[in-house]
Amino acid sequence: MGLDLGALFRDYHESLVRMLTRRTGDRGRAEELAQETFARAVAAPPTNPRPWLFAVALNLLREEGRNAATRERRLVLVKDEDHVAPYEQPDDAYEREETRLRVRAALAQLSERDRDVLLLQAEGFDYDEIAQATGLSRGAIGTTLARARKRMLEVYTQGEGGSHVARG
Amino acid sequence: MSHVDEGTLHALVDDQLDAAERQAVEAHLAACGDCARRFAEATAMARQVVTLLGALDAPAMPVVVQPAVVRGPRPAPAPAIAVRARLGTLRRVAMAASVLLVAGVSYQVGRSRDGAPSALERPVAVRLPSAATPMRAVPSVVDGAMDSLNSAPGTVVRAAPRGGPRADGDVAAADRAVGAAAAAAPAPSSPRLIAPAVISPPEPAQQRIAAAGAQISARADQGAERRSRAMNDAAAPAQEVASAQGRMESSGIVVTQVSPPAREARDESVRAAAPAPAVAGASMAKSSPSVPKAAALAGYRTIEEASVPALTRRRYVSPTGTSLELSIAQSFAPAAKAVVGQGTASEFVVTTDGGRSTVRWSAHGMDYVLQGALAPDSLVKLATLLKP
């Protein structure tokens, strides 16, 4: 029968890009990783697509981070301006951006594994799928999420009022 | 009575306990105030995290999508190499005081802020050359430029001399008409979106164009609620499009067709049509090792109304002074990301906008606009091509 790439794409692409965007903070990079992931699915069609796709994507991300040559291929940014959405008031945009930065900072305080588990759960993965995608045991997922959620909120709350985010 | 550990509490919050476990935990919670409180806290935490993660996503924005340009099968010659060789003429062409011709019928759909599609669905018309234009060569060059650019189907290039024909009355009037129609759509998105300009063609060509355009647009208008269906209607009868293309090409117009995938059972017919250059991604398979990925996915792009990330503008500077403005398209098109390779160091201004990539650059006294979904590496090629 072969892989129904169209169905795979329809079902998972948006979720994958969203997760990767949350993970990396870079939508363009997320899209590129997603494309690479789907290309690999074409090459080696998975039987259990969702955990497989996300596992591959997260692995690609890790590999990419380690690959200096790939990093250099990234966009050479001279100037990056964030523009206000046309209907949005500037102060709303500012606030949104502030929140975004704080959330990103809070996520950054998590271990890579905790962060991945959190993001997968946010994409609607059940614990079995999270276990498959991350290689963790199913029994460990609840504890991981408990820790990740708690830590993320701690850091986020500490960031309130513009105070320096505590490390730890 | 032993209390419930955090992991189990969170598993209950996430509804990941089996029936027996859940029953046991719930029984305990009913009897233990401390654990019940911790469970409530865990629930609140989980909810708050979901909300916060949502802040990392793009805000929903009004979207005006121009999903398709209609292109029929290419004429038999024009192999990739020969066409690319003609890119050397791009500079000479650019010097000509003429309007570069790109043909297309695109479908513009305005969307209201809450995402509901508007009633606006109509073909947007076509740029045509003035009488002085070298009509055959220029579109081929442009088309070749497109082909070598790993761009996804539906990419359109237009060019005009700076301050030139765009200033003439026909263009301005046509722009106003298009702009007015776009404005009539509910909550059109950023003014940065390109509204295709319409230039009145020389008289003899006009009727042929109108006929071809009417043919294509008639198909699109036929009761199509969903734009992808409309485009498939336009895409499916390749022969009709081909003959439309024939008529148009005799006037120097290249009609470009994109075949977005049908969401339902029409996948088969779309795939069957895919090998044709109707899916431009396929024709690009020769040009780059990365293209097979794009080509593999190209036939499966779905035109969706996706939320648009905040507008982001990036500037990249070229030592040669070439400047490019680029909008990164939305992720619904897998080939929609543009990446600049190192070494080319061209200036790009990147704007994320309404589901389309837009590249603008100025060189040799001409302003160029490239629209469509750009595959990875396409900017590398583009920058290479434009280096004087």
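Below, each value reflects all heavy atoms present in this structure, side chains not excepted, and no hydrogens, waters or symmetry copies. Reminder, nothing fancy here: chain letters follow the sequence lines and each chain counts from 1.
- Scanning for ring-ring contact (aromatic ring centres under 6.0 Å, His included) contacts around A:Phe125 gives A:Phe54, with sequence neighbours left out.
- Ranking A:Ala148, A:Ala140, A:Ala146, A:Gly25 against chain B, the residue ahead of the rest is A:Ala146, based on heavy-atom pairs under 4.5 Å.
- For A:Leu107, the part sitting under 4.5 Å from any heavy atom of chain B is the side chain, from C-beta outward, and nothing else.
- In this structure, B:Arg47 places its CZ atom where only 12 or fewer heavy-atom neighbours from other residues, nucleotides or ligands lie under 6.0 Å away.
- When the salt bridge (Lys or Arg N to Asp or Glu O under 4.0 Å) test is applied to B:Glu21, no partner is found at least two apart in sequence or on another chain.
- Contact of A:Arg40 with chain B is not made at all, since no heavy-atom distance falls under 4.5 Å.
- For the set B:Glu41, B:Glu6, B:Gln48, the count of heavy-atom pairs under 4.5 angstrom toward chain A peaks at B:Gln48.
- By the 4.0 Å N-to-carboxylate-O rule, A:Arg100 lies too far from B:Asp57 to be salt-bridged with it.
- Interface check for chain B: of the options A:Asp128, A:Ile141, A:Val103, A:Thr21, the most heavy-atom pairs under 4.5 Å are formed by A:Val103.
- Among all heavy-atom pairs drawn from B:Leu52 and A:Met152, the shortest one is CB-CE, 3.9 Å.
- In this structure, CZ in A:Arg147 is found 11.0 Å from NE2 in B:His10, a value given to the nearest 0.5 Å.
- For the set B:Leu53, B:Leu12, B:Thr8, the count of heavy-atom pairs under 4.5 angstrom toward chain A peaks at B:Leu53.
- Taking OH of A:Tyr127 as the reference point, atom CG of B:Asp14 lies at 3.5 Å (rounded to 0.5 Å).
- For B:Gln16 against A:Arg138, the heavy-atom pair with the smallest separation is O-NH2, 3.0 Å.
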